[in-house]
K.L.:
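Below is the structure I would like to discuss, written out as structure tokens.
We number each residue from 1, following the sequence as shown. Here the structure is a predicted model, which means the values were calculated and not measured.
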Amino acid sequence: MAQSVQITGTGQLIELSRRLKAAGGSRLKANFARRIRHAAEPLKDDLQQTIRSLPIRSEGRKAGKRGGPSPTTRPLRATVAGAVRISVRTSGNPGARVWVDKALLPKDLRNMPSVMNRPDGRIRHPVFGNKKRWANNWTTPLWWEKTVRAHTPRMQREVARVVDDVRNQLS
């Protein structure tokens, strides 16, 4: 799964980053970073909303099988949505990156964003932690890529506009 998306016009952004550094404009650099972050915010918000509303269906109980409440009260979708982050760099490889910070997820859920985004939409997991019995749940396949693809043209236009504005300020 593409757990991060980077919007970079590498040539333009690197050249602009060098000019910002040479100009020594910390205010200009902060403004540049703020506007790039602002361009990525709608994608982050939409990814979080998509995760929170992602339908997860189960196969249902088999005849004669027992069931019961979940042993955890931790909300899966809200936990994963809370780990979506934005980072902005103005030097080196400048641009915005929207990603899932696995360090913010509980240890047993670190792999869950990529599992939830599988092409077949299958989430296979042990039944109540019992690794001898497994169950399948189903979700919308490739939701991350679909959401990113929907936002990419808008983000590219906004980043190009920011690059042009900052370039004009440097001239």
K.L.:
Taking only residues two or more places apart in sequence or in another chain, which ones pass salt bridge (Lys or Arg N to Asp or Glu O under 4.0 Å) with D101?
P.N.:
none

K.L.:
Which heavy atom in K107 sits nearest to a heavy atom in R110, and how many Å separate them?
P.N.:
O-CG, 3.4 Å

K.L.:
Hydrophobic clusters here meaning ILVMFWY residues chained together by side-chain heavy-atom distances under 4.5 Å, can you tell me if L109 and V100 are in one?
P.N.:
yes

K.L.:
Using a 3.5 Å distance criterion without hydrogens, assess whether the side chain of T139 forms a donor-acceptor pair with backbone atoms of P55.
P.N.:
yes

K.L.:
Would you check if D120 and P141 make a side-chain contact, meaning some heavy-atom pair closer than 4.5 Å?
P.N.:
no

K.L.:
Does some side-chain heavy atom of L105 sit less than 4.5 Å from a side-chain heavy atom of P113?
P.N.:
yes

K.L.:
Identify the heavy atoms of V80 and M116 that sit nearest to each other, and give their distance.
P.N.:
CG2-SD, 4.3 Å

K.L.:
Would you confirm whether R77, through its side chain, and L54, through its main-chain N or O, come within 3.5 Å as a donor-acceptor pair?
P.N.:
yes

K.L.:
Please round to the nearest 0.5 Å and tell me the distance separating atom CG of N136 and atom CZ of R57.
P.N.:
12.0 Å

K.L.:
Output a table of donor-acceptor pairs, distance under 3.5 Å, between side-chain atoms of residues 32-46 and any protein atom two or more places apart or on a different chain; print 'none' if there are none.
P.N.:
| from | atom 1 | to | atom 2 | distance (Å) |
| --- | --- | --- | --- | --- |
| R34 | NH2 | N31 | OD1 | 2.3 |
| R35 | NH1 | D165 | OD2 | 3.2 |
| R35 | NH2 | D165 | OD2 | 2.7 |
| D46 | OD2 | H151 | NE2 | 2.7 |

K.L.:
Run the numbers on I56 and W138 for side-chain contact (heavy atoms from CB on, under 4.5 Å), then give the verdict.
P.N.:
CA-CA 5 Å; I56 298 177; W138 303 93; over 6 Å; no

K.L.:
Please find the pair of heavy atoms, one from R118 and one from V115, that lie closest to each other, and give the distance.
P.N.:
CG-O, 3.2 Å

K.L.:
Do you know the tightest heavy-atom contact between N117 and W143?
P.N.:
OD1-N, 3.0 Å

K.L.:
Are K146 and T140 side-chain neighbours, meaning at least one heavy-atom pair lies under 4.5 Å?
P.N.:
yes

K.L.:
Tell me yes or no: between the side chains of N111 and S114, is some donor less than 3.5 Å from an acceptor?
P.N.:
yes

K.L.:
What distance separates M112 CE from I51 CD1, expressed to the nearest 0.5 Å?
P.N.:
12.0 Å

K.L.:
Let me have the donor-acceptor pairs involving side chains of residues 122-130, under 3.5 Å, with sequence neighbours excluded, atom names and distances please.
P.N.:
| from | atom 1 | to | atom 2 | distance (Å) |
| --- | --- | --- | --- | --- |
| H125 | NE2 | N137 | OD1 | 2.4 |
| N130 | OD1 | K132 | N | 2.9 |

